[in-house]
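Below you'll find the structure, written out as structure tokens, and then a few comments.
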Amino acid sequence: MPIQVYNTLTRQKQPLTPVQAGQVGMYLCGPTVYDDCHIGHLMGPVLYDAVARWLRARGLAVRFVNNITDIDDKIIARAQASGESWQDITAHYTAQYFDLLRRLHVVTITDHPRCTGHVPQMVDYIADLVRSGRAYVAEDGVYYEVSQQPGYGKLSGRRLDEMVADAEKEGKLAHGLRSRADFALWKRVKPGEPSWPSPWGDGRPGWHIECSVMSLHTLGATFDIHAGGEELKFPHHENEIAQGEAHGGGYAQVWMHNNLVQFEGAKVSKSDPRMRDPAFRRQFQALAVVEGHGAAVVRFLLLNGHYRRPVDFAPSNIGAIRTALGRLHRAVGDLLDAPGDAALDEILARQLPAEGARHRERFVAAMDDDFNTGAAIAELFGLAALAAKGGTAERLLLRDLGRLIGLFQPGDGKDTVAPTAAADDGTLGKVMALVLELRQKARADRDFATSDLIRDRLKEAGIAVKDAKDGATWERA
RNA sequence: GGCGCCGUGGCGGAGAGGCUACGCAGCGGAUUGCAAAUCCGUGUACUCCAGUUCGAAUCUGGACGGCGCCUCCA
């Protein structure tokens, strides 16, 4: 049974049939590095990392390209406003992005091309489009002539004549544009802006051209999967297709679009009035989110549902998610911190009691069916119950299946089940070991007043003590 | 207004023409000195109205509601 993927272009699921057998080329539009990453920036990397992990588990060689947009009007505006150089700004936010990827265990990306590294290739590409009559030079730059493109609008379901008619009601065309639907490939430089040389004067590339060019140079003209957030369908992806096809490739065979991260039922945009409140704003900053809730919880939240549905990032949601993940972590137990990944083939070959095997089967079927991580994770809970009852094989299976989509990484437990005395060999760990030993003595003497006093006071201090058969454990509340 | 996505139990969230999703919370029980954790049990869920069908939450049409996008400049 081949992997099924929902293709935005055809609006249906279809079997994934790579252009070159055994290999998958995948491109994900990356961030424009001009400001702090927010929670929404994490969705794509985490989701498509799980996708790439699964494709690899299924035996495909995946080349996964995720660009960095380091030339852009917003970057220039930011530089002009703050007085920093645009290079410092992009370097800073690129580093932040990479740091987040590392923390979230996004490990499958093979290439991070930057726009600044591909300007000559973009110039060549634009020159090709001008030469073939698909682009023209206007007063302030070079534009792609959309009316020359058969099938324009096929991805987003828009009709060119309607769009142009609507736009033209708004006013006459500026800068020598032939149509309001045309978009910039090259923007001629204005004073004080960074620029690169071109046959049409110094300037910088337009937004859409970068992805077409960088995908061409990493994956080839025709590649397998182009991924991105739903909000990029139009105009960005539509224009990428136009450029790619005009340049002479089939462009992406499959378009995957993930839905957006929402807050209490709605997307929070930068213009939202609440964003003026720094505390409100802070809770969407990716770094603050990852530090506040833990990378494992964030990753779990983003994968818990289906990627074509919105994810609601509300505090009450996160709490429930954290509890749920904690349950899985506890079931995985000490296997959580053990390194190593098992290959899917090896996992599938294991002998297992019927119930565990059924969960394994369903997990695999869910992932094969358009990467349904939510349904796959549901099976992990079934395995967790079996593991908690003493199923050793199920416990290992639980961990190994989870790891196939990037869950259960060493150290993840600290985000849900806080460190125990055994796991913390620092000063606090030693002190706690002593305290628990004394408390255990009191309990052995049936001096419950003392043992409860210790537990209550520790709780006030932010430490929860839990008695188990084989001794007490503690964690930070 | 145009295009697209979606409306599932208290909440989150899969699935899907007849078969327990799952999780969180709640309730009952086991275990525990008491808690925690764990285990067992526990929910007349599918926005509304028509239609197709032996049978629809699942398909079709309509209504209502939510969300996203609607190009340089933003």
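By convention in this document, chain letters (A, B, ...) are assigned in the order of the sequence lines, proteins followed by strands, and residues within each chain are numbered from 1. Note that these values count all heavy atoms, side chains included, but never hydrogens, waters or copies made by symmetry.
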What nucleic acid atoms does A/Asn239 come within less than 4.0 Å of, heavy atoms only: base, sugar-phosphate, or nothing? nothing

Mind checking A/Ser451 for me? I need base, sugar-phosphate or nothing, with any heavy atom below 4.0 Å counting as a touch. base

Using a 4.0 Å heavy-atom cut-off to protein, can you give one letter per nucleotide of nucleotides 37-43 of chain B, 5' to 3': B if the base is in contact, S if only the sugar-phosphate is, - if neither? SSSS---

Check the distance between B/rC72's P and A/Ile126's CD1 and give it to me in whole angstrom. 17 Å

Against A/His236, only a single residue in A/Trp255, A/Phe183, A/Trp207 fulfils ring pair (Phe, Tyr, Trp, His ring centres under 6.0 Å); can you say which? A/Trp207

Between B/rC5 (P) and A/Trp255 (CH2): distance, integer Å: 17 Å

Could you tell me how far apart A/His306 (NE2) and B/rG15 (P) are, to the nearest whole angstrom? 6 Å

Over how many whole Å does the gap from A/Arg308 atom CZ to B/rC69 atom C1' extend? 18 Å

With the side chain defined as heavy atoms from C-beta on, A/Thr323 is closest, among B/rA25, B/rC22, B/rG4, to B/rA25

Give every residue pair that meets the ring-ring contact (aromatic ring centres under 6.0 Å, His included) criterion with at least one member in residues 393-413 of chain A, sequence neighbours excluded. A/His329-A/Phe408

With the threshold set at 4.0 Å, does a side-chain nitrogen-carboxylate oxygen contact exist between A/Arg204 and A/Asp73? yes

Take atom CG of A/Asp370 and atom C1' of B/rA16, then tell me their distance rounded to the nearest Å. 16 Å

Is the shortest heavy-atom distance from the side chain of A/Arg322 to the side chain of A/His293 under 4.5 Å? no

Gap between atoms CZ and P, on A/Arg439 and B/rG33 respectively (whole Å): 12 Å

Pairwise side-chain contact, A/Trp200 with A/Val123, heavy-atom cut-off 4.5 Å (strictly under): yes

Counting any heavy atom closer than 4.0 Å, what does A/Lys187 reach on the DNA or RNA strands: base, sugar-phosphate only, or nothing? sugar-phosphate

Is A/Phe448 touching bases, backbone alone, or none of the nucleic acid, heavy atoms closer than 4.0 Å? base

Between B/rA45 and B/rG9, how far apart are the two P atoms, rounded to whole Å? 10 Å

When you compare the side chain of A/Tyr34 with that of A/Ile76, does any pair of heavy atoms fall below 4.5 Å? no

Between C1' on B/rC73 and CZ on A/Arg204, what's the gap in Å once rounded to a whole number? 11 Å

Under 4.0 Å, heavy atoms only, any strand: does A/Asp452 hit a base, just the sugar-phosphate, or nothing? base

Using whole Å, report how far CZ of A/Arg358 lies from P of B/rU20. 11 Å

Counting C-beta onward and ignoring hydrogens, is there a side-chain heavy-atom pair between A/Leu344 and A/Arg53 closer than 4.5 Å? no

Is the A/Phe280-A/Phe263 ring centre distance short of 6.0 angstrom? yes

Its dot-bracket string being built from Watson-Crick and G-U pairs below 3.5 Å, with | for another strand and [ ] for crossing, RNA chain B has the pattern (((((((..(((.....[...))).(((((.......)))))....(((((..]....))))))))))))....

Proximity to the side chain of A/Lys233 - top-ranked nucleotide from B/rC70, B/rU20, B/rG4: B/rG4

Separation between the C1' atoms of B/rG10 and B/rU42, rounded to whole Å: 15 Å

Among the nucleotides B/rC70, B/rA35, B/rA14, whichever has the atom closest to the side chain of A/Arg455 is B/rA35

Which residue pairs pass the side chain to side chain donor-acceptor pair (under 3.5 Å) test with at least one member in residues 372-399 of chain A, sequence neighbours excluded? A/Asp334-A/Arg395, A/His359-A/Glu379

What's A/Arg78 touching, base or sugar-phosphate or nothing? Going by heavy atoms closer than 4.0 Å. nothing

Any ring-ring contact (aromatic ring centres under 6.0 Å, His included) involving residues 438-468 of chain A? Give me the pairs, sequence neighbours left out, ordered by first then second residue. none

A/Ala324 near the nucleic acid: base, sugar-phosphate alone, or nothing, with a heavy-atom cut-off under 4.0 Å? sugar-phosphate

Among B/rU71, B/rC34, B/rG12, the one nearest A/Asn317 by side-chain distance: B/rG12

Dump every N/O contact between nucleotides 66-68 of chain B and the protein below 3.5 Å, one line per pair.
residue, atom, partner, partner atom, Å
B/rC67, O2', A/Gln262, NE2, 2.8
B/rG68, OP1, A/Lys267, N, 3.4

